[in-house]
Engineer: 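Take this structure, written in structure tokens, and hold onto it; I'll ask about it next.
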Amino acid sequence: MEKNRAASDFLHVGNRLLEWYRNNARDLPFRQTKDPYKIWICEIVFQQTRINQGLNHYNNFVTRFPDVKTLAEAEENEVLLYWKGLGYYSRAINIHTAARQIMNNYHGIFPSQYEEILKLKGVGKYTAAAISSICFGGKMPAVDGNFYRVLSRLFADDFDISNSRAFAYFSELATLVMPDNVGDFNQAMMDIGSEICKPKNPVCGECPINEDCLAFSMQKVSQYPVKTKKVKAEDLALTYYFVHRNGEFLIQQRKDDFIWKKLFEFPTAITAEMEPFITGSKTITHKLTHKNLSIEIFKVEIDSEEVWNDFIAENQYMITDAQASHDKSFPKPLENYIQNSLKD
DNA sequence: AAGCCGGGGGC
DNA sequence: GCCCCAGGCTT
């Protein structure tokens, strides 16, 4: 970018975005409110998550947990249940922790200052900027993937967005175009990035700032943003035992490290005396962002009450069935496995 | 500063 | 198959 321009040279860009936003804002449930609780929840739900993917989760979540107090008083496992299938499960754990933070440290009143919001577990610089600007007139740009894409194209800037300094760099660029109404500006950037300045096949002909867009003028929009870091998925094999008796099966809860934090799963080992009860196995392949999973699930049908009770007692497994398992959060592939077992 | 954490949809 | 999505936490 050119370094020596006055900010006022680009301010009209931000104002054109605001004008476009007034007429083209997406009609989303959290656009009807400035309740910081609701905005907070929506910001967490939609981290690394497309609107269409998370909309039902958001609506169900705020219906069940309509305010900070309700959320803080809920059981962690119920919060996880409402996150089932959404991914990045540490968000659910953190959101619950943060609700209790607000109750304990802020008397249940959502903090209004950026620096205080930033202290909440699971809230980083992007989310703190979004909440403070949308709800409290804060003046920080909410720099996310949309900002990277729109600004890198607008200025034909090849700064690598996988560089750890990208957030600071594009925050500085954002201030060049940022008008006084930062809350609407931040949301306008999200919508322009989602509806117009899309990663693939952007609709530049309908873009309100295409006359200012350097990449567009050079017909190089597809070259931005520059991202060098490639994510490679490694292979990981998991083994589970679907230990079954009279319509019931055994589960345990995962730790909060590694994948699928605190979600439920099947036993990962059985005793030698149970091996004769294995009636079959099924291998499921499942792709995570960083891992290609190969999940082998052995079906163990126990027809001995003694073996069943001994195994449960020794390992402290929980007992559930296909219906009751709806009250617990399972990883997607295991959720699917349970659904299929219900048909048998 | 770099690695890790899900699941879904577009192409 | 590859890429990206209203990012943040851990080491």
Side-chain angles (χ1 to χ4, degrees), chain A residues 25-26 28-31 38-58 80 83-95 97-98 117-131 133-134 140-150 160-168 170-171 183 185-195 197-202 222 224-234 236 254-263 285-293 329-336:
Chain A
R26 289 175 289 180
L28 302 170
F30 41 86
R31 288 272 168 77
K38 300 280 197 344
I39 299 300
W40 168 49
I41 299 300
C42 100
E43 292 299 339
I44 304 297
V45 166
F46 293 109
Q47 285 171 1
Q48 297 294 287
T49 304
R50 286 198 162 75
I51 296 298
N52 283 338
Q53 183 183 355
L55 216 40
N56 286 337
H57 282 87
Y58 168 79
L80 282 164
W83 219 264
K84 179 161 64 174
L86 197 54
Y88 284 166
Y89 298 97
S90 60
R91 290 184 292 176
I93 299 168
N94 290 339
I95 216 172
T97 301
I117 299 171
L118 192 56
K119 292 178 182 175
L120 299 176
K121 191 74 172 175
V123 173
K125 292 195 291 291
Y126 159 78
T127 302
I131 297 172
S133 67
I134 293 170
M140 307 281 283
V143 178
D144 68 340
N146 292 303
F147 274 64
Y148 290 169
R149 193 168 56 255
V150 173
D160 184 1
I161 66 168
S162 52
N163 187 307
S164 59
R165 297 193 298 111
F167 184 90
F170 285 99
S171 295
F185 170 73
N186 283 335
Q187 296 182 89
M189 289 288 279
M190 297 174 201
D191 278 19
I192 205 79
S194 171
E195 305 296 298
C197 198
K198 300 182 290 187
K200 298 286 174 60
N201 301 329
S222 65
Y224 301 96
V226 172
K227 184 179 182 181
T228 62
K229 195 181 81 175
K230 304 300 179 186
V231 181
K232 61 184 175 201
E234 297 187 353
L236 177 66
R254 294 181 61 80
K255 307 298 183 187
D256 65 351
D257 59 352
F258 200 42
I259 60 173
W260 297 329
K261 296 183 197 342
K262 292 197 173 181
L263 267 54
T285 61
H286 185 84
K287 288 187 178 303
L288 304 182
T289 301
H290 291 83
K291 292 185 172 28
N292 294 324
L293 299 181
S329 188
F330 287 89
K332 203 65 179 179
L334 300 189
E335 175 80 8
N336 292 340

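The figures here come from the full heavy-atom set of this structure, side chains too, leaving out hydrogens, waters and symmetry mates. Below, read A as the first sequence line, B as the second, and so on, with proteins coming before strands; counting in each chain starts at 1.
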Engineer: Among residues at least two apart in sequence or on other chains, which ones pass side-chain contact (heavy atoms from CB on, under 4.5 Å) with S162(A)?
Structural biologist: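 side-chain contact (heavy atoms from CB on, under 4.5 Å) list for S162(A), sorted by chain: D160(A), K227(A), T228(A), K229(A).
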Engineer: Taking salt bridge (Lys or Arg N to Asp or Glu O under 4.0 Å) as the definition, give me every residue that meets it alongside K84(A), ordered by chain and number, with sequence neighbours left out.
Structural biologist: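 K84(A): salt bridge (Lys or Arg N to Asp or Glu O under 4.0 Å) contacts with E335(A).
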Engineer: Taking atom C1' in both dG8(B) and dC9(C), compute the distance separating them and give it to the nearest angstrom.
Structural biologist: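 It works out to 23 Å between them.
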Engineer: side-chain contact (heavy atoms from CB on, under 4.5 Å) with S194(A): which residues, sequence neighbours excluded?
Structural biologist: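 Residues passing side-chain contact (heavy atoms from CB on, under 4.5 Å) with S194(A): R26(A).
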Engineer: With P as the reference atom in both, quote the distance from dG6(B) to dT11(C) in angstrom, rounded to an integer.
Structural biologist: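 Each nucleotide's P atom is 15 Å from the other's.
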Engineer: State whether the side chain of T97(A) and the backbone N or O of I95(A) hold a donor-acceptor pair below 3.5 Å, judged by distance alone.
Structural biologist: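 No, the answer is negative, given that no donor and acceptor are paired below the 3.5 Å cut-off.
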Engineer: Using a heavy-atom cut-off of 4.0 Å to chain A, what are the terminal contacting nucleotides of DNA chain B, in 5' to 3' order?
Structural biologist: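 So the outermost contacting nucleotides come out as dA1(B) to dC11(B).
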Engineer: side-chain contact (heavy atoms from CB on, under 4.5 Å) with Q48(A): which residues, sequence neighbours excluded?
Structural biologist: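 Q48(A) satisfies side-chain contact (heavy atoms from CB on, under 4.5 Å) with Y88(A) only.
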Engineer: Is there a donor-acceptor pair closer than 3.5 Å between any side-chain N or O of N186(A) and the backbone N or O of M140(A)?
Structural biologist: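 Judged by distance alone, yes, a pair lies under 3.5 Å.
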Engineer: Listed by chain and number, what are the ring-ring contact (aromatic ring centres under 6.0 Å, His included) partners of F30(A), not counting sequence neighbours?
Structural biologist: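 Once residues adjacent in sequence are excluded, the partners of F30(A) under the ring-ring contact (aromatic ring centres under 6.0 Å, His included) criterion are F46(A), Y58(A).
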Engineer: Hey, which sits more toward the 5' end of DNA chain B by its nearest nucleotide, P333(A) or N201(A)?
Structural biologist: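 So the residue in question is P333(A).
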Engineer: Can you name the residues that form a side chain to side chain donor-acceptor pair (under 3.5 Å) with Y126(A), not counting sequence neighbours?
Structural biologist: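 E43(A).
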Engineer: Distance check, P atoms only: dC4(B) and dA6(C), in whole angstrom units.
Structural biologist: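 Result for the P pair: 24 Å, nearest Å.
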Engineer: Kindly write out the residues that satisfy salt bridge (Lys or Arg N to Asp or Glu O under 4.0 Å) with K119(A), not counting sequence neighbours, or none if the list is empty.
Structural biologist: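 For K119(A) the salt bridge (Lys or Arg N to Asp or Glu O under 4.0 Å) partners, ignoring immediate neighbours, are E116(A).
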Engineer: Output all residues satisfying side-chain contact (heavy atoms from CB on, under 4.5 Å) with A128(A), sequence neighbours left out; order by chain, then residue number.
Structural biologist: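 If we apply the side-chain contact (heavy atoms from CB on, under 4.5 Å) test to A128(A), skipping adjacent residues, the hits are Y114(A), I117(A), L118(A), V123(A).
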Engineer: Applying ring-ring contact (aromatic ring centres under 6.0 Å, His included), can you list everything that pairs with F147(A), at least two apart in sequence or on another chain?
Structural biologist: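 Per chain and number, F147(A) pairs via ring-ring contact (aromatic ring centres under 6.0 Å, His included) with F185(A).
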Engineer: Paired stems touching DNA chain B, three or more consecutive Watson-Crick or G-U pairs with both distances under 3.5 Å?
Structural biologist: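 For DNA chain B the paired stretches long enough to count as stems (3 pairs minimum) are B:1-5 with C:7-11, B:7-11 with C:1-5.
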Engineer: For G85(A), answer base if it contacts any base atom (sugar-phosphate contacts may also be present), sugar-phosphate if it contacts only those atoms, and nothing otherwise; contact means non-hydrogen atoms under 4.0 Å.
Structural biologist: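 Sugar-phosphate, backbone atoms only, no base.
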Engineer: Which nucleotides of nucleotides 3-11 of chain C have their base under 4.0 Å from a protein heavy atom (B), which only their sugar-phosphate (S), and which neither (-), written as one string 5' to 3'?
Structural biologist: SBBBBSSS-
